[in-house]
Amino acid sequence: MIAPARFALVLFSMLAAACTGTVTDHPPGHTDPDAGARDAGRTVPDAGPSAEPDSGTGPIDETPDAGPVVTQPMPVTELPPLPTLTNLDVRVTADSVAVRFDAVEGAKDYRIYPLPTQDGGILVGADGRVTIPSAVYRCAGQREDLYVIPDRPGVNDNAAGGTTTVNGSVQGFTRAEADATLGHVYRTPGTGRIPVYVLGNAPVADGNAPPGGCGRPTFEASRVKTYTTDSAARAQALAGHARDLGVGFYAPASASSATRPVYGKKVNGDALVWSQGTEASNRGSAPTLFQVLTAPAADTVPLKRVHVEPYCANPHDELAVGTVAYLTARNQGDQPLAAVRWSGVTADTVLVVEALDQGCPFQGVLSPKHQAAHTDTGIDYPEFSTLAELAAKTATGEVFVNGQYASSNQPRAVARSFVKVTPGDAATWDFKDDFNSPMQPFTDLSDGTFLNYHFKSPTYDLYTTGNATYVVGNTLNEAWFLFGDWAADVGGIIRLAPLQKATLAANSYLHVTAEMDFLATGRRYTQLVISDRDAPAQKTMDQGKTLVIQPKDMGGVMNIEACDHRFWQVNDQCPLLPQYPTSFQPAVPVASELVGLDRLVKVDVYVSTQRLYLLLDDQPYSCTTLPAVGDDGHSYTAPNAGPVTVSFGAVMYHSGADFSPAGAQLDASAPSYRFTREKLMTLSQRHFDNFAFRSTVAAPANWNEELYPCVSHF
């Protein structure tokens, strides 16, 4: 397996809030004067400087290991002390830092920014609100995903991932809201506490289902769980292909007058969990799983229960640690995302992570280049603003990247932590781009074909088709694409390919890595494309072989498609290749848990002419043996050995009809994809970072084919 980048890590014991520095910008990109009215929104890639200060070329390391983690005193800062976030999980990939943590009850949003170093650069109001003039904050926003339907078992909705029950009948016993709290447990270890291990059971696969079909979990809560304090039972579950979800919480080590037992067993096939009382009498004898406190105590949180009934998977009780996790398991869909990201770390940096009492304000559509608001073919496109332009519109110069709430919001931190990261040495790649430096000038090679545009720089080939408006460039030390399909009614594609080619071989692997966002429906998603055709591969796919790797559909999964001498379109997909065995479903990461508009997932592809390994955030996802039989019953091989073009990009098709999985658009009140539906319905805003490839490498180390088999048939 690939480890992450080598950064030294320090977690500080107290928390904080705000970002640093003055943001400089560049002149807006120019609009092609010959494009005419139909192309009023087409911005040619800019030859000028980046929207970001040039911070140099940061390392891209194929072994992103977080390194040692130690606690230290709170750094010297004017930020006032606040309660700390708990269970921070810091992940470094090259120059980017992703931080996950326990959700804070009552928090509406989260943000991250570098700790200001200048004296007097932090202003603290009487209400505790912190202002940092000219700061840039990256906010978490909402997790935009499928929802579930509470307390209506048996209701089927294609826009949902299943149903949940808190108030209602569960296998012969009527539960009420008060029954949801089983007791109280600890998030952290301590004297008199024992860990409760959580394992996601691996269901038997449905051999007729493609990836994402019956048996695949829509959410992590869709998996049936094993909860145990017994290390031997944990080992046995892992041997049975369960997914190791680590320590879920800490329980009292022994029974006392302050505790009560929690029981668990299967009832008519449902894995159920309950505590003492009427339900215990109704269910009869059952094994004791662990003890819980009967009342709150210092450092405890409530342990709650939700009965989950996923579509095409086994009903079960899901345990949730704390109220926020409980509400997420019960409702899914749009929830404050307890994960933030910062990119462009090229020196020792202290980052501040905060929970907020209000959502970050929406200040406008952020773009690498300016574009005026305009109307094209009946579609109103908003103004695209650079960081500097957004800063100039505010009294303090503060910019809230990925703000998704009312523009009048002034969020105040309610919890705060510090993370110190130090970048390590760069690995050796055939090609790498951390997007810390401006993209080089592009030359327009368009042939005049309607809605087909082609550009080249000294480094990249850029191709876009079907788009009425588009912008490509550097923002926040990442590559950002903004585009809208013509009339919100066609297939829009935008792809960027290095002119340098990779090499595909039979006895070694091509390793392609990239960070990309996973927000997906059946009509909009990101892609990696590997083809034996020259760039732009989309134009000549019918003359060769191409692999398309993409997170697709609401609650999407990564899938792999093989295009053999044929074109690809969102409404004309190439055949799917198999990724999982028919005997069981490997306990791989759930893609829907990685979704966020400003959250990127590290994707690693190792491909030869004989196999394709896929990893998400350095965890095994699937392995396909080539040739493989696709879902159409035909056999497919990899692209031909030799030079191949590697592209990354995104697609959007008939955006005006998106978010309509049940045959009609989601109701305006539906708790799912709301920000995108309200602000970006006919636009796609995509982020990529740390793109690199290297040819003639070994297969991913320590791949366990017992747990993650390589397959060639559905």
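Fair warning: this is a prediction, and the values are worked out from it, not measured in the lab.
- Counted by atom type alone, Ser134 and Glu398 present zero donor-acceptor pairs between their side chains at under 3.5 Å.
- A 4.5 Å side-chain heavy-atom check between Trp342 and Arg138 finds at least one atom pair inside the cut-off.
- For the residue pair Ser655 / Asp658, no side-chain donor-acceptor distance below 3.5 Å is found, with atom types taken as modelled.
- Under 3.5 Å, the side chains of Gln358 and Arg412 contain no donor-acceptor pair of N or O atoms.
- Pairs engaging residues 341-351 under the salt bridge (Lys or Arg N to Asp or Glu O under 4.0 Å) rule: Arg341-Glu478, Arg341-Glu515, Arg341-Asp689 [sequence neighbours left out].
- For the residue pair Asn402 / Tyr137, no side-chain donor-acceptor distance below 3.5 Å is found, with atom types taken as modelled.
- By the 6.0 Å and 45° rule, Arg686 does not stack over the aromatic ring of Phe481.
- Residues satisfying the side chain to side chain donor-acceptor pair (under 3.5 Å) criterion with Asn331, sequence neighbours excluded, are absent altogether.
- The shortest distance between side-chain heavy atoms of Tyr653 and Arg524 does not fall below 4.5 Å.
- Under a 3.5 Å cut-off, the side chain of Asp604 and the backbone N or O of Leu615 do not form any donor-acceptor pair.
- Side-chain atoms of His370 come within 3.5 Å of backbone N or O of Phe384 as a donor-acceptor pair.
- The main-chain N or O of Leu85 is never found under 3.5 Å from a side-chain atom of Asp102 such that the two would form a donor-acceptor pair.
- Within the 4.5 Å cutoff, no side-chain heavy atoms of Ser592 are placed close to those of Glu220.
- Of the possible donor and acceptor atoms, none in the side chain of Thr349 sits under 3.5 Å from a partner among the backbone N and O of Val345.
- Between the Ser647 side chain and the Arg495 main chain, no donor and acceptor come within less than 3.5 Å of each other.
- Contact of the Gln550 side chain with the Thr526 side chain is not registered, since no non-hydrogen atoms from C-beta on lie closer than 4.5 Å.
- The shortest heavy-atom contact between Ala670 and Arg677 is O-NH2, 2.8 Å.
- With hydrogens and angles ignored, the 3.5 Å screen pairs a side-chain donor or acceptor of Ser457 with a backbone N or O of Tyr460.
- Asn409 contributes no side-chain N or O that, together with a main-chain N or O of Pro361, makes up a donor-acceptor pair within less than 3.5 Å.
- By the side chain to side chain donor-acceptor pair (under 3.5 Å) test, Tyr381 pairs with no residue at all, sequence neighbours left out.
- For Thr459, the side chain to side chain donor-acceptor pair (under 3.5 Å) criterion is met by Gln440, not counting sequence neighbours.
- Lys456 places no side-chain N or O within 3.5 Å of a backbone atom of Leu462 that could act as its donor or acceptor partner.
- A centroid separation of less than 6.0 Å is found between the aromatic rings of Tyr110 and Phe101.
- Legend: residues meeting salt bridge (Lys or Arg N to Asp or Glu O under 4.0 Å) with Glu383, ordered by chain and number and at least two apart, are Lys393.
- Under the 30°/60° scheme for interplanar angles, the aromatic rings of Phe431 and Phe693 are found to lie parallel.
- Between the side chain of Asp127 and the backbone N or O of Arg129 there is at least one donor-acceptor pair closer than 3.5 Å.
- Taking the side chain to side chain donor-acceptor pair (under 3.5 Å) definition, one finds that Lys679 meets it with nothing, sequence neighbours left out.
- Taking CD of Glu593 as the start and CD of Gln332 as the end, the distance is 6.0 Å to the nearest 0.5 Å.
- When each of Asn690, Asp617, Asp618 is paired with Lys602, the side-chain hydrogen bond (donor to acceptor under 3.5 Å, both in side chains) condition holds for Asp618 and for no other.
- Between Asp380 atom CG and Met681 atom CE the span is 14.0 Å, to the nearest 0.5 Å.
- Between the side chains of Tyr405 and Gln142, at least one donor N or O lies within less than 3.5 Å of an accepting N or O.
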From CA spacing to verdict: side-chain hydrogen bond (donor to acceptor under 3.5 Å, both in side chains), Thr469, Gln371: CA-CA 9 Å; Thr469 184; Gln371 179 175 283; 2.8 Å; yes

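- A donor-acceptor pair under 3.5 Å links the side-chain atoms of Asp434 to the main chain of Asn436, judged by distance alone.
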